[in-house]
Amino acid sequence: MSLYGGVELPDRPDPENVRRLDLLPIPMVRKIMRYGWRIDPDHFRELSSRLTARMAELRSDITNEIPPEALDRFLEVTDGAEDDDEIAELPDQGFNVESSARIASLLYDTLGLHRTAGVKVKKTKGGDRFSTGKKTLEQLKLQHPVVSLILSYREHSKLESTYARALPRIARFHPKGKDCPECGRFHSTDEYRVHTQILTTRTATGRTASKKPNLGNIPVRSQLGAEIRAGFIASEGHKIVDRDWSQIELRLLAHLSRDPVLLEVYRNDGDVHETTAFGLFGSIESSSNPVARRICAKTCNFSIVYGTTEIGLYEQLCDSFSRVKVPYPDWLTEAGCKAKIDGWFDFYTGAKAYLDAEESKIRRYGIAWTQCGRVRRIPEVKSYHSHIQSAGVRQGNNHGIQGGSADLMRLALGELGDRFDLLREYGIETFPLMTIYDQILTEVPEDDAETVNAATEEIMDNVMVDRSTGMNLCRVPIRSDGKIMSHWVKE
DNA sequence: TTAGAACGCGCG
DNA sequence: AAAGCGCGCGTTCTAA
C-alpha cells in the first residue's frame, strides 16, 4: 500500500531506532573486512612505473618552461625546506614539485602570476601565502604554460603515491585451495586481496568510514583515475555486482520537503537534471549549449541544497566545466552564479521552505536529526560569530540529508545481510566487497550474479517500505542502477 | 628522531 | 569573515 504524500513524520528523534540502526549493518561490515577485495598487483606495479616515468617528463617540462634567468633566481632562493639533507633539491632533477611552498614561490615570487591574473588570487587557509590549490591554479592556467604542467604533475603524483604504489603493499596473499587462512573461503587460484577497515561510529552524520585502504575515495572521475579502478577485480569464476542508488540525496530531499516539482519529477520517473535546467535556462531547444546547460543544472542540484554561496558555486562550476573540457559560458561569473542560486530556489519553492524550516529548528534546539532520529549536536548555532552560526546551519541541513541517506544504507545493509543468509541456504554464496555511501558491491559466482543483482535491487529500492505492514514510507520511488562486471569499471 | 599541523586532493 | 557537507591519506615542513 503506497502512501505517497499521506505520511506524517515523527518530529522528534527516536533513540531506540538509532541504536538499532547502528547495530544492523555489523554482520555485513565484518564480512567485508574479513573477505577483502581482490586486486591485481601487477596492474598497479605497471601503472606505477608508467606514472613515475611521466612524472619525470613533466618535471623536466616544468623546468624548461621557466626562462633561464628566472630559473636561476628561483633556485637560489632557499627556504626552510632546504636543509642539507635528503630533501635538498637535486640540480639535475629540477626542484621539488611536491612542495606547495616551492610552487607558491615559483608562481608568485618568481613569475608574479598573482599580479598578471585578472582575478584575485586566494590565500591559503592560514593566510600565510597565496594558494596553489587546484581551483586557484585552474584560474591561472592561461597566465603561464607551467601551471597546467603542475596540475598534471599533481594528478599523476597523487594517483601514484596514494593508490598505484600503496595498494599492492597493503594487499594480503590468499593461497589457492580451500579454507584460506586469511578469509576461510575457497580460492581456485592464488590471489591478493585488500582488507579495508570499516569504522561504523566515527562520522558526525552516521556514514561509515573506510581506511587502510580508504575504499571510499578510489578515483573514477578522470581517465587516469579509472585505470586505478580497473585493478580491483573479481575472483576466478566470479563477478562483481555493483548497485548504486540513483540520486538518493535528492530523492530524500523530495521526500522530506514535499517540493511539488521534485515530487512530480520522481513520481513520473523523470529527469531531475533536465528539469532543473528547464527551470534555470528554459527549454532545451532555445539553448545554445546543451552540454553546458546540463552540467550546470547537475552541479547546482548537488551544491545549492547544502548552502553554497555564489563564490562556492562559481568555483564548483569552473571545476565541472574544466573536468569535461567544456569552455566556460559567458554567464559564468560570480554574479551569474548568484542568479542561478536565486533561480534554483524560485523554482524549487518547496525545497526552499523545507530548508528554511529546518534552519529555524536547528537554531532553536542546537540539534539536527534525521527522520530515523539520528541526532547531531550543532552547538555552533549559539556562537556569537554569525559565520560560525551559518556554518552550523549548513552542517545541520546537510545532516538531515546525508545522515538520512546513511540511515537508509544501514537499513539496507541489515536487510541485505538477512537476504544473503537466505540465499546461502539455497547454495548461493555471496561475498560483500564494500559499501560506499550510496553503493553496495558484492562478489558472487558468475552464474548467480543476476540473482544477487536482483536481490540487491529489491532490498535497496524497497528500503523505505515497512516490511511488516507493506506500507511505503517514502513519498517518491527509490531507484538504483546495477552493473555486473569482472573489473571495477564498465565493460 | 618523531609527532602532528598544514596543504592539497581523491570520492559520495 | 568566510564563502556546500562528510571523510582518509600522502607529502612537506615545523616544533618538540
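Computation of the quantities below employed the complete heavy-atom set of this structure, encompassing side-chain atoms and omitting hydrogens, waters and symmetry-equivalent molecules. Residue numbers begin at 1 in each chain, while the letters A, B, ... track the order of the sequences.
Using a 4.0 Å heavy-atom distance criterion, A/L199 is classed as a sugar-phosphate-only contact. Base contact: A/G216 has a heavy atom under 4.0 Å from a base atom. Within 4.0 Å (heavy atoms only), A/A204 reaches sugar-phosphate atoms of the nucleic acid but no base atom. Among the heavy atoms of the strands lying under 4.0 Å from A/S210 are primed sugar atoms or P, OP1, OP2 only; no base atom is included. Counting any heavy atom pair closer than 4.0 Å across all strands shown, A/R202 reaches sugar-phosphate atoms only and no base atom. A/V220 comes within 4.0 angstrom of sugar-phosphate atoms only, judged by non-hydrogen atoms across all strands, and of no base. A/K158 comes within 4.0 angstrom of a nucleotide base, judged by non-hydrogen atoms across all strands. Nucleic acid contact class of A/I218 (heavy atoms, under 4.0 Å, all strands): sugar-phosphate only. Residue A/R207 is in base contact, counting any heavy-atom pair closer than 4.0 Å across all strands shown.
Of the candidate nucleotides B/dG10, B/dG12, B/dC7, B/dG10 has the atom nearest to the side chain of A/Y163.
In this structure, A/N96 reaches the C/dT12 phosphate: one of its side-chain N or O atoms is under 4.0 Å from OP1 or OP2. A sub-4.0 Å separation between OP1 or OP2 of C/dT11 and a side-chain N or O of A/R165 is present. The shortest distance between the side-chain N/O atoms of A/S99 and the OP1/OP2 oxygens of C/dC13 is below 4.0 Å.
Remark: of the listed residues A/K141, A/K134, A/K135, A/K141 is the sole one forming a salt bridge (Lys or Arg N to Asp or Glu O under 4.0 Å) with A/E138.
Aromatic pair A/F302/A/H273: centroids less than 6.0 angstrom apart.
Around the NZ atom of A/K212, the shell of radius 6.0 Å holds no more than 12 heavy atoms that belong to other residues, nucleotides or ligands.
No hydrogens or angles were tested; on distance alone, a donor-acceptor pair under 3.5 Å links the side chain of A/Q402 to the base of C/dC5.
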